[in-house]
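A short worksheet on the structure shown next.
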Amino acid sequence: MKEVVAERDKAIDSLQAEMQALRGDLGNVREELAKSAEQLQQVYDSHSYRIGNALMAPLSIIKKRRR
């Protein structure tokens, strides 16, 4: 009986350690995602992106904007 309890305790400890490691990984991924979102917003806000976007727009859209 004590062996079963000891095995379960080991399994619980192992799972808790794994959960802690996964929480750390999740935090890292969230930080990377936030950084990527910030970089993406900087691209959208850049003049180069806006100019390129305007150049790629069909002429019909550009004409509608001028009206």
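This chain uses plain numbering: 1 for the first residue, then up along the sequence.
Between the CD atom in Glu31 and the OG atom in Ser36 there is a gap of 11.5 Å [rounded to 0.5 Å]. Remark: Glu38 CD to Leu33 CG distance equals 12.0 Å, nearest 0.5 Å. Rounded to the nearest 0.5 angstrom, Glu7 CD and Ile12 CD1 are separated by 12.0 Å. Atom CG of Asp25 and atom CD of Glu18 lie 10.0 Å apart (nearest 0.5 Å).
Tyr49 and Leu40 fall within the same hydrophobic cluster, defined by Ile, Leu, Val, Met, Phe, Trp and Tyr side-chain heavy atoms under 4.5 Å apart, directly or through other members.
Atom CD of Glu3 is surrounded by 12 or fewer heavy atoms from other residues, nucleotides or ligands within 6.0 Å.
With Ser14 contributing its side chain and Lys10 its backbone, the two residues share no donor-acceptor pair below 3.5 Å.
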